[in-house]
A.B. asks: 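The structure under discussion is supplied below as structure tokens; questions concerning it will follow.
Whatever order the structure lists ligands and atoms in, that order sets their numbers, starting from 1. This one's a predicted model, so the numbers in the text were calculated from it and none came from an experiment. Keep in mind that the numbers below use all heavy atoms, side chains included, and drop hydrogens, waters and symmetry copies.
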Amino acid sequence: MELVVQKFGGTSLTDEQSRSHVLRHIIREFAAGSKVVVVVSAMGRSGDAYATDSLLELIRRNGDALAPREKDLLLSCGELISAAVLCSLLLAEGIPSVALTGGQAGIVTDDRYGSARIVEIDCARVHRHLTAGEVVIVTGFQGRTKDGEITTLGRGGSDTSATALGAALRADIVDIYTDVDGILTADPRWVTNARPLAAVSYEEICNMAQNGAKVIHPRAVELAMKAGIPVRVRSTFSDGEGTLVTHAQALRSQGIWYDKAVTGLAHVRDVTQLAVTDLDGPADLQLRVFRAMASHGISVDFINVMPTGVHYTVAENDAPLAVELLRELGFEPRVRRECAKVSVIGGGMNGEPGVMAIIVEALTGSGIPILQSADSNTTIWVLIPQKDLAAALQALHTAFGLHLSPVGGN
Ligand code: ADP
Ligand code: MG
């Protein structure tokens with residue numbers, strides 16, 4: 001008997017109509033004889049009554065007065081509502097089901113309220129309900145500490161709940177249901193002709209997620225990868241197969257994937273580039289700069305270290321503090337605000353000649369300057385002015401023929 005974990009995101013649960021689609025997917029799986037564990041997010045997005053952002057809005061004026069413990073109590077409510085409502089829908093259809101909080105489902109976390117990490121999962125109770133023939137609905141995004149306190153896992157936490165439960169239960173598959181047809185070649189809000197991919201490797205989607213593709217949380221992918229549990233990202237609103245995510249080797253052996261040089265694009269906005277050049281400066285200039293950033297919790301990216309100085313980027317929010325710190329060190333950095341980082345990602349990029357040439361040609365051909373670049377075995381990053389982001393994504397998408405890939409992308 002198959003054990004399937006299905007995760008439904010906020011947009012899949014927004015209203016009665018979308019919940020009827022959710023119900024359809026659960027019932028299909030249950031009727032096929034699978035054991036089904038359902039992980040739910042809070043209903044809807046910012047502005048919807050029970051969405052996580054709307055709950056936060058309730059304490060906007062006095063949120064700072066609330067201790068993190070109590071803030072997590074509030075934040076955990078959205079998923080509770082989803083779980084109970086979904087349970088009522090299943091019971092009304094005659095499907096035996098039970099709703100559990102993350103804690104009741106055995107998810108134990110540390111006590112970092114707001115961004116807790118899962119330390120263990122005791123699956124006994126979930127197994128008991130599954131064995132009794134029930135669909136088990138679990139609130140995503142949350143767990144409990146050893147002392148029984150409710151914690152939340154941070155943004156993208158429901159994805160993490162789903163793959164962590166999948167790993168602990170040794171599920172056959174974790175299905176991440178969302179509002180798009182799968183993992184697309186680029187963010188569809190920016191590239192209108194982005195296409196769904198039939199399959200990607202864990203490494204590729206991890207790269208995409210870490211570089212800004214919000215379709216699945218990178219921590220969730222890492223957990224699935226470690227446990228070797230396949231994941232499918234698919235649409236709640238259609239019956240498509242979605243995108244299969246598993247080990248590159250497994251994809252190759254199934255003959256459904258080959259090592260394409262470029263699989264997809266991802267991007268991060270609101271980046272500031274800082275350049276510190278001081279020909280006569282201290283020998284330990286680089287060290288001093290990065291120590292100052294690290295000691296203030298500013299994460300740095302796109303680092304180019306040269307004998308005469310350093311170039312790097314920080315998130316726009318961190319830029320004022322970063323500049324202040326550099327000035328305190330006696331440097332006058334060159335500051336370039338409103339940049340975006342575009343990532344060109346492909347598991348088969350390594351050793352494939354000409355990828356960088358295509359990128360340069362596509363961007364400069366569209367009059368877009370490349371402010372900085374870097375590369376690894378599977379990714380080439382370019383920094384560009386943010387105002388050119390849409391044009392850059394579209395130009396690269398076209399240059400690599402990503403719009404042409406047959407649905408399935410292979
Ligand atoms: P959910 O509520 O289901 O968790 P999310 O908003 O977290 O939904 O994730 C789905 C969204 O991710 C899509 O609506 C899409 O706009 C965005 N997205 C960004 N990059 C990609 C990509 N490469 N492929 C698919 N979706 C992407
Ligand atoms: Mg999400």
A.B. asks: Looking only at the side chains, is there a donor atom on one of H397 and T185 sitting less than 3.5 Å from an acceptor on the other?
C.D. replies: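 Yes - a donor-acceptor pair under 3.5 Å links their side chains.
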A.B. asks: Without hydrogens or angle criteria, can the side chains of Q142 and D72 be said to hold a donor-acceptor pair below 3.5 Å?
C.D. replies: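 There is no such pair (donor and acceptor under 3.5 Å, judged by atom type) between the side chains of Q142 and D72.
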A.B. asks: Give the C-alpha distance, both sets of side-chain angles, the deciding distance and a yes or no for side chain to side chain contact (heavy atoms under 4.5 Å, CB included) between K387 and E338.
C.D. replies: CA-CA 8 Å; K387 67 173 175 46; E338 293 181 22; over 6 Å; no
A.B. asks: Could you pull out every protein residue that has a heavy atom closer than 4.0 Å to ligand 1, ordered by chain and then number?
C.D. replies: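 The answer is K7, G9, G10, T11, R45, Y177, T178, D179, V180, G182, I183, L184, A186, D187, P188, R189, M208, A213, K214, V215, counting any residue whose heavy atom sits under 4.0 Å from ligand 1.
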A.B. asks: Begin with the C-alpha distance, continue with both residues' side-chain angles, and end with the deciding distance and a verdict on side-chain hydrogen bond (donor to acceptor under 3.5 Å, both in side chains) for T151 and T109.
C.D. replies: CA-CA 7 Å; T151 51; T109 73; 2.7 Å; yes
A.B. asks: Side chains of N207 and T378: any donor to acceptor distance under 3.5 Å?
C.D. replies: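 The criterion, which ignores hydrogens and geometry beyond distance, is satisfied for N207 and T378.
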A.B. asks: For the residue pair W381 / N211, report whether a side-chain donor-acceptor contact shorter than 3.5 Å exists.
C.D. replies: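 Their side chains do contain a donor-acceptor pair, which is all the 3.5 Å distance test asks for.
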